[in-house]
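These notes are about the structure you will find just below.
Values below: all heavy atoms of this structure, side chains included; hydrogens, waters and symmetry mates excluded.
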Amino acid sequence: MKIRIASTVAVAAAIALGATGCSLIAPQATLIPYAPSDGVNVNVGDIDVRNIMLVADESGENFNVVFGAANRSGGPQDLTITFTGTESQEASADFTLPTGNTLFGYPEGDEKPVLVSLDGLAVGSTIEAYFQLPGASEVSYKVPVLDGTLKEYERYVLPANFSSSSSKGDSTLGDKITEADETADQSKIGDDVTKAEEEAAAE
C-alpha cells in the first residue's frame, strides 16, 4: 500500500512539473507588448507613439493622423511622419510633441488634427510610415487605415471640407476682426480731427 501511494505521488509531481516547466522555455503571450486596439505602437527615441492609425474623412480622400504620444525626453520634440503610398507617393505630417502624454487627431482636443492625402489609399489597408526625430534615424512601421464604421472611431472622422491649415484658426475671421479694428481706429481718428476743427472754429 505504501509503495502504491508513493508511486501516485511521484506521478502527480511529474505531471505538475511538466505543466509548469513549459513556461520556462515557451514565451508567455501575456508578456509580449502589443497594441490593445486597431492601431500600432512605435517607439522613436524617447517618444512612444501609441495606437497610431489613419482615419478617413467623410470624402474618403483625406486621412486624419490619430495617435497618442508619450514624450519622455524632458522637452518638446518635433516628430515627422512620412507615409509612402503606391507609385512612390509620399505625404508628410509634422507634429510638435509637448512633454508628457498628448492625443493627436481628436477634433475637440488641444492639438488640432493633421490630415494627409494619398491617391488610391483604401480603408482596410495598411501603409508604410516612417517616423523620425531631428538628428535621429527613421523607424518604419505599417499603419492601418480605418474609417468610422466602428463606433469608437466616429469621433475622428472629419468633414470633407476640413483642412489642417484651417484647423489652426479661422484666418478669415481673424481678417474680419482686423479690418473691423482698423475701421474703428480710422473712425476714431476722424472723429478727433473733426472735434479739433470745431474747437478751432469756435475760437
Side-chain angles (χ1 to χ4, degrees), residues 31-57 59-148 152-153 155-175:
L31 298 180
I32 300 175
Y34 71 100
S37 188
D38 295 291
V40 294
N41 296 337
V42 183
N43 297 328
V44 189
D46 292 327
I47 304 299
D48 299 332
V49 177
R50 293 294 175 256
N51 200 29
I52 184 169
M53 65 186 76
L54 294 182
V55 180
D57 69 356
S59 72
E61 298 177 355
N62 306 301
F63 300 87
N64 186 9
V65 185
V66 178
F67 66 98
N71 180 358
R72 300 176 284 103
S73 68
Q77 293 288 322
D78 294 325
L79 174 67
T80 297
I81 307 176
T82 302
F83 301 92
T84 59
T86 58
E87 300 180 359
S88 301
Q89 292 187 84
E90 288 188 354
S92 294
D94 297 318
F95 302 89
T96 298
L97 313 180
T99 56
N101 299 322
T102 309
L103 178 63
F104 292 88
Y106 185 39
E108 298 179 9
D110 295 333
E111 302 294 332
K112 299 302 181 181
V114 176
L115 281 76
V116 294
S117 298
L118 285 163
D119 294 337
L121 186 57
V123 171
S125 65
T126 59
I127 184 171
E128 193 76 28
Y130 296 86
F131 301 77
Q132 188 169 31
L133 297 172
S137 300
E138 289 182 330
V139 176
S140 63
Y141 218 99
K142 289 189 177 297
V143 173
V145 183
L146 307 174
D147 59 10
E152 56 264 38
Y153 303 132
R155 67 180 68 180
Y156 303 112
V157 177
L158 301 175
N161 60 351
F162 185 94
S163 68
S164 59
S165 58
S166 64
S167 68
K168 296 179 181 178
D170 189 344
S171 59
T172 303
L173 178 59
D175 292 341

Fill in the blank from the handout: Minimal heavy-atom distance between D57 and L158, with the atoms involved, is CB-O, 3.2 Å
Completion exercise
S73 meets the side-chain contact (heavy atoms from CB on, under 4.5 Å) criterion, sequence neighbours left out, with D46, N71, Q77
Practice task
Could you tell me whether the side chain of F67 reaches within less than 4.5 Å of the side chain of V143, counting heavy atoms only?
Solution key: no
Problem - Centroid-centroid distance, F63 to F83, less than 6.0 Å - result: no
Problem - Residues which pass side-chain hydrogen bond (donor to acceptor under 3.5 Å, both in side chains) with E128, listed by chain and number, not counting sequence neighbours - result: K142
Handout entry: Side-chain heavy-atom pair Y156, M53 within 4.5 angstrom cut-off
Key = no
Problem - Between OG1 on residue T82 and CZ on residue F131, distance to nearest 0.5 Å - result: 9.5 Å
Practice task
Check V116 against S92 and note the closest heavy-atom contact, atom names and distance.
Solution key: CG1-O, 4.1 Å
Fill in the blank from the handout: Here the pair of heavy atoms bringing A69 nearest to F104 is CB-CE1, 4.0 Å
Practice task
With the side chain counted from C-beta on, respond yes when V139 and V49 share a heavy-atom pair under 4.5 Å apart, and no when they do not.
Solution key: no
Problem - Within 6.0 Å of CZ in F95, more than 12 heavy atoms from elsewhere - result: yes
Completion exercise
Heavy atoms of V114 and N64 approach each other most closely as O-OD1, 3.6 Å
Practice task
Test V66 against L54 for side-chain contact (heavy atoms from CB on, under 4.5 Å), laying out the working first.
Solution key: CA-CA 6 Å; V66 178; L54 294 182; over 6 Å; no
Handout entry: Euclidean distance, L79 CG relative to I47 CD1, rounded to 0.5 Å
Key = 7.0 Å
Practice task
Provide the full list of salt bridge (Lys or Arg N to Asp or Glu O under 4.0 Å) pairs with a residue in residues 77-94, sequence neighbours left out, each pair given once.
Solution key: none
Handout entry: Test item: N43 and R50 side chains (from C-beta on) under 4.5 Å apart, heavy atoms
Key = yes
Exercise for the section: Specify the closest pair of heavy atoms between D48 and R72, including all atoms of both residues, with the distance to one decimal. Expected result: OD2-NE, 2.9 Å
Practice task
For P144 and D38, work out which heavy atoms get closest and say how close.
Solution key: CG-O, 3.2 Å
